[in-house]
Amino acid sequence: MRRLTRPLLPLLLGAALAAPAWVAPATTLYPVPNQASAPLRTLPALTRLNLTRCYALWCDVQLGAQRGWILREAVNLPGECRQLVPLGLKNLRRSEAAYLASRDPNRNGLACDDLERPLLAR
C-alpha cells in the first residue's frame with residue numbers, strides 16, 4: 001500500500017492546492033513551459049481556469065480536462081498573499097496580472113514579498 005500512495009502524493013497535494021483563477025490578457029496555453037513548443041490553444045482574456053502551481057515564469061493550469069502551461073504574467077486570482085504564496089505566486093512584479101497595490105503594502109514594486117520574515121518582525 002505504501003508503494004502505491006507515495007507516487008500519488010504530489011498529485012494529491014497539487015490537487016489540494018489548486019485555485020480558481022483567470023487569464024487577464026489573452027494568452028497562449030502550451031503543453032510544456034516553453035514558448036517554442038506548439039501551442040495547444042489561445043485563451044481569450046478572462047478565461048477561467050484552475051491554477052495548480054506557479055514557478056518563476058510559468059504556471060501549471062487546468063482548463064476543463066486539458067492541462068497545460070501559461071506565462072505567469074498573464075494569470076490572476078483573488079485572495080491575499082497568504083493564499084497566493086503556497087501556489088508559487090510571490091514576488092509579483094507590477095507587470096504581472098496578479099500584482100495589486102493592496103498586495104504590496106511596503107510599495108517596493110513587489111507584491112507578496114514579505115511573508116518570509118519572522119512574525120515577530122512584523
Side-chain angles (χ1 to χ4, degrees):
M1 181 71 157
R2 184 178 236 168
R3 287 183 185 179
L4 292 175
T5 57
R6 192 170 279 166
L8 295 176
L9 190 58
L11 294 174
L12 295 173
L13 290 175
L17 290 178
W22 65 91
V23 294
T27 194
T28 305
L29 182 69
Y30 294 94
V32 294
N34 183 339
Q35 287 181 294
S37 65
L40 295 173
R41 64 195 276 195
T42 299
L43 305 177
L46 305 179
T47 299
R48 300 268 177 199
L49 45 80
N50 283 319
L51 174 70
T52 303
R53 175 89 174 135
C54 287
Y55 300 91
L57 297 174
W58 294 91
C59 290
D60 181 8
V61 300
Q62 187 154 356
L63 181 63
Q66 191 172 41
R67 192 149 187 192
W69 295 84
I70 61 172
L71 287 168
R72 178 176 131 154
E73 64 190 21
V75 72
N76 200 351
L77 66 163
E80 298 177 18
C81 289
R82 64 188 155 117
Q83 297 155 328
L84 276 59
V85 169
L87 293 166
L89 288 167
K90 66 178 187 176
N91 296 325
L92 297 165
R93 297 175 304 276
R94 286 188 177 125
S95 61
E96 295 181 73
Y99 176 90
L100 295 174
S102 62
R103 293 177 179 157
D104 184 12
N106 60 5
R107 306 283 188 248
N108 67 349
L110 292 175
C112 301
D113 64 333
D114 65 348
L115 293 181
E116 295 176 8
R117 280 194 261 156
L119 291 175
L120 296 175
R122 292 184 183 182

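Atom set for the values below is all heavy atoms of this structure, side chains included, hydrogens, waters and symmetry mates excluded.
A donor-acceptor contact shorter than 3.5 Å is absent between the side chain of Glu73 and the backbone of Val75. Under the 3.5 Å distance criterion, the side-chain polar atoms of Arg53 are matched with a main-chain donor or acceptor of Pro86. Between the side chain of Asn76 and the backbone N or O of Ala97 there is at least one donor-acceptor pair closer than 3.5 Å. Remark: the backbone N or O of Gly79 is paired with a side-chain donor or acceptor of Arg103 at under 3.5 angstrom.
Going from atom CG of Leu51 over to atom CG of Leu77 covers 6.0 Å, rounded to the nearest 0.5 Å. Rounded to the nearest 0.5 Å, atoms SG (Cys81) and CG (Leu92) are 7.0 Å apart. Rounding to the nearest 0.5 Å gives a distance of 9.0 Å between CG of Leu57 and CD of Glu96. The CG atom of Leu40 sits 12.5 Å away from the CH2 atom of Trp69 when rounded to the nearest 0.5 Å.
Here ring pair (Phe, Tyr, Trp, His ring centres under 6.0 Å) pairs that include residues 22-53, with residues two or more places apart or in two chains, are Tyr30-Trp58. Applying the side chain to side chain donor-acceptor pair (under 3.5 Å) rule to pairs touching residues 33-44 yields Arg41-Gln66, sequence neighbours excluded.
A heavy-atom distance below 4.5 Å is not found between the side chains of Val61 and Asn50. Counting only heavy atoms from C-beta outward, the side chains of Leu89 and Cys112 never approach each other to under 4.5 Å. Between Val23 and Leu49 the shortest side-chain heavy-atom distance falls below 4.5 Å. Counting heavy atoms from C-beta on, the side chains of Ile70 and Thr28 never come closer than 4.5 Å. Side-chain contact check for Asp104 versus Asn106: some heavy-atom pair is nearer than 4.5 Å. Side-chain atoms of Lys90 and Val85, non-hydrogen and from C-beta on, do get closer than 4.5 Å to each other.
The minimum heavy-atom distance between Tyr99 and Ala111, with the atom names listed, is CD1-CB, 3.6 Å. Here the closest non-hydrogen pair linking Ser102 and Pro105 is O-CD, 4.3 Å.
With sequence neighbours excluded, the residues satisfying side-chain contact (heavy atoms from CB on, under 4.5 Å) with Gln83 are Glu80.
Remark: Asp60 engages Arg67 in a salt bridge, criterion side-chain N to carboxylate O under 4.0 Å.
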